[in-house]
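Structure, as structure tokens:
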Amino acid sequence: MKKTEGYVVRRLEDEYLVLPSGRRTEEVNEVISLSETAGFIYMHAERAENVYELTQLVAEEYEIEPAEILEDVRNVVLTLQKKGILL
């Protein structure tokens, strides 16, 4: 998985803010707020080839069985793709 270029991430306590930067600011005038878990997924997306590998990373981080969170990870990935910040 790949992140869309032209965004920077700032962490504020237990949430992540994804902000457009550079030329992207002309195209996008939205700040995307992510929960801690969604932020983890976004920040680690490039370490995974697919949703299953990303689910494994989340499961290890939060000490949860992958089967319990697969659907949630898939939904977060789809949301990030719809927002245009994840390819």
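No hydrogens, no waters, no symmetry mates; every other heavy atom, side chains included, goes into these values. This chain uses plain numbering: 1 for the first residue, then up along the sequence. If you're wondering where the values come from, they're calculated on a predicted model, not measured in any experiment.
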>> Could you report the tightest heavy-atom contact between Thr25 and Pro20, atom names first, then the distance?
In response: CG2-O, 3.3 Å

> Going from CD1 on Ile41 to CG on Leu80, what distance comes out if it is rounded to the nearest 0.5 angstrom?
Replying inline: 7.5 Å

> Got more than 12 heavy atoms from elsewhere within 6.0 Å of CD, Glu5?
Replying inline: no

> Between atom CD1 of Ile64 and atom OG1 of Thr37, what is the distance when rounded to the nearest 0.5 Å?
Replying inline: 7.0 Å

> To the nearest 0.5 Å, what is the distance between CD1 (Ile32) and CD (Glu15)?
Replying inline: 12.5 Å

> Within a strict 4.5 Å, meaning less than it, do heavy atoms of the Arg47 and Glu53 side chains meet?
Replying inline: no

> Can Arg23 and Glu26 be counted as an ion pair, charged N to O under 4.0 angstrom?
Replying inline: no

>> Any non-hydrogen side-chain atom of Lys83 less than 4.5 Å from a side-chain atom of Glu30?
In response: yes

> If you take all heavy atoms of His44 and Leu54, which pair is closest and at what distance?
Replying inline: O-CD1, 3.8 Å

>> If the condition is salt bridge (Lys or Arg N to Asp or Glu O under 4.0 Å), which residues does Glu60 pass it with, not counting sequence neighbours?
In response: none

>> Are Leu34 and Val76 packed together at the side-chain level, in the sense that at least one heavy-atom pair is separated by less than 4.5 angstrom?
In response: no

> Is the NZ atom of Lys3 crowded by more than 12 outside heavy atoms at less than 6.0 Å?
Replying inline: yes

> Rounded to the nearest 0.5 Å, how far apart are CZ of Arg24 and CG of Leu19?
Replying inline: 13.0 Å

>> Could you measure the distance from the CD atom of Glu61 to the CZ atom of Phe40? Nearest 0.5 Å is fine.
In response: 4.0 Å

> Can you list the steps and then say if Tyr7 with Val28 is a side chain to side chain contact (heavy atoms under 4.5 Å, CB included)?
Replying inline: CA-CA 10 Å; Tyr7 289 93; Val28 178; 3.5 Å; yes

> Can you check whether Pro66's main-chain N or O pairs, donor with acceptor, with Thr55's side chain at less than 3.5 Å?
Replying inline: no

>> For Leu86 versus Thr4, what's the shortest heavy-atom pair and its separation?
In response: N-OG1, 3.5 Å

>> Taking atom CD as the centre, does Glu49 end up with more than 12 heavy-atom neighbours from other residues, nucleotides or ligands that are less than 6.0 angstrom away?
In response: no

> Under the salt bridge (Lys or Arg N to Asp or Glu O under 4.0 Å) test, which residues partner Glu68, sequence neighbours left out?
Replying inline: none

> Is there a path of hydrophobic side-chain contacts, each under 4.5 Å between heavy atoms of I, L, V, M, F, W or Y residues, that connects Leu12 with Val31?
Replying inline: yes

> Sequence neighbours excluded, which residues qualify as side-chain contact (heavy atoms from CB on, under 4.5 Å) partners of Lys2?
Replying inline: Glu46, Leu87

> Could you walk me through whether Val51 and Met1 pass the side chain to side chain contact (heavy atoms under 4.5 Å, CB included) check?
Replying inline: CA-CA 8 Å; Val51 171; Met1 289 186 210; 3.8 Å; yes

>> When you compare the side chain of Val77 with that of Gln81, does any pair of heavy atoms fall below 4.5 Å?
In response: yes

>> Under 4.5 Å between side-chain heavy atoms, counting indirect links through other Ile/Leu/Val/Met/Phe/Trp/Tyr residues: same cluster for Tyr42 and Tyr52 or not?
In response: yes

> Is the number of heavy atoms from other residues, nucleotides or ligands under 6.0 Å of Tyr62 OH greater than 12?
Replying inline: yes

